[in-house]
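Keep in mind that this is a model prediction, so the values were computed, not measured.
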Protein chains: 2
Amino acid sequence: MAITSKKNQYALRAIFELAKHSGKGPTKISEIARTQAIPARFLEVILGQLKGSGLVESKRGFYGGYYLIRSPDEITVGDIFRFMESPSNGAECLACVSKANCPFDGNCAFSSMWRQVKDAIYQIYDATTIQDLLNHEKQRITARTGVQNLSGEATRI
Amino acid sequence: MAITSKKNQYALRAIFELAKHSGKGPTKISEIARTQAIPARFLEVILGQLKGSGLVESKRGFYGGYYLIRSPDEITVGDIFRFMESPSNGAECLACVSKANCPFDGNCAFSSMWRQVKDAIYQIYDATTIQDLLNHEKQRITARTGVQNLSGEATRI
DNA sequence: CCTTTCTCGACTATTTTGGTCGGGAAACTT
DNA sequence: AAGTTTCCCGACCAAAATAGTCGAGAAAGG
């Protein structure tokens, strides 16, 4: 029903937030939780898991927190979601893509369609880097400024 | 996590089964349940709902059952899933596609990606007719026959 | 009127999701 | 060394969604 779970979205937003601070030292769970509107205690769990992905690392103590170990343009949304949905972390996707989930051993009239769908989804995820998302954010803000001008506010040159 | 729910898959398979018998009068729930490996009592519920979609109709009594009211090449997978996921039947899809599900009012760095994904999925669903699936089934059987030949069985000419 | 099949609403069970909690362990400060 | 501050870990819990069941009734036809 849902494109993805809240947990996956939290994972993505957390990494997105880390990317904003990329190269500036660790970011605390509490800060990520605040700016991305994620329950802090739950985020702990998620980031803990994400350490297994090789995308993030952490440090304890006063100046501790989480940080990325690749640059934002070398991390794709697909990297994140593939890890979050890997068999060790959760169940394989439903539908006859895999033999196990098909009453006809994955050899049914629908399996080709399910595969197409899964491929189409991951084609987008794999083509979207965290840097792309940062750029979207930037554009979004610029666009909003433009709108505000039209609505009558003056801009200092 | 899952591409779609079991219920949606059951709905699709049920209509697929009806399509096989298209034009040959009604098919009983019990038969669909058997050939498509769906719990009969649950299928009752699903087909009951599907009547609201304008795709199927039913008849009671000994010669009763369900039947399609459009031809299989005029029904797409999209028609079925869009109906099954319509607000009256279930919740709107998660992720920032709609304002309601986004902590930042649908105006976030991710919304564009979520929309792309949703569109990509439905592009496939809408392009796949039930007739297409019937054709896949046919090809699948032919292919299997071919394989059986290769494995040593003789074919009568 | 008898059988068969759909019909309807309520009801239940199971799984997944979305979280919480308490206490411990590293890191840095003073 | 003591004290903060942060991550770390495993268990635990609650709510929602999903998957499925049940009993009684109502049309259709023989």
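In terms of modelled atom types and a separation under 3.5 Å, the side chain of B:Asp119 and the main chain of B:Gln116 share no donor-acceptor contact. The backbone N or O of A:Phe62 lies less than 3.5 Å from a partner atom in the side chain of A:Lys28, making a donor-acceptor pair.
Between B:Ser58 and B:Val45, the residue anchored nearer the 5' end of DNA chain C, judged by the nucleotide with its closest heavy atom, is B:Ser58.
With A:Gln36 as the fixed residue, the side chain to side chain donor-acceptor pair (under 3.5 Å) test singles out one of A:Glu17, A:Gln9, A:Glu31: A:Glu17.
B:Ile15 and B:Phe42 fall within the same hydrophobic cluster, where Ile, Leu, Val, Met, Phe, Trp and Tyr residues are linked whenever their side-chain heavy atoms come under 4.5 Å apart, directly or through other members.
In this structure, B:Ile29 reaches the sugar-phosphate backbone alone: every heavy-atom distance under 4.0 Å involves primed, P, OP1 or OP2 atoms, never a base.
Evaluation of atom-type donor-acceptor distances gives no pair under 3.5 Å for the side chain of B:Glu44 against the base of C:dC6. For D:dG23, its base sits under 3.5 Å from the side chain of B:Arg41 at one donor and acceptor pair at least.
Using a 4.0 Å cut-off, no side-chain N or O of A:Tyr66 falls inside it from OP1 or OP2 of D:dT6. A close approach under 4.0 Å does not occur between any side-chain nitrogen or oxygen of A:Lys51 and OP1 or OP2 of D:dC7. Considering only side-chain N and O atoms, B:Tyr10 lies nowhere under 4.0 angstrom from the phosphate OP1 or OP2 of D:dA19.
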Quick one: which protein N/O atoms are closer than 3.5 Å to N/O atoms of nucleotides 25-28 of chain C? Pair and distance per line, please.
unit_1	atom_1	unit_2	atom_2	d
C:dA25	N3	A:Arg60	NH1	3.1
C:dC28	OP1	A:Lys59	NZ	3.1

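Note: NZ (A:Lys28) to P (D:dC8) measures 13 Å, nearest angstrom. Computed from coordinates, the B:Glu57 CD to D:dA28 C1' distance equals 15 Å when rounded to whole Å. Rounded to whole Å, atom C1' of D:dT6 lies 13 Å from atom CG of A:Leu47.
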Full working for side-chain hydrogen bond (donor to acceptor under 3.5 Å, both in side chains) between A:Gln139 and A:Asn135: CA-CA 6 Å; A:Gln139 281 172 27; A:Asn135 295 345; over 6 Å; no
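The aromatic rings of A:Trp114 and B:Phe81 sit parallel, their planes meeting at an angle under 30°, below the 60° perpendicular limit.
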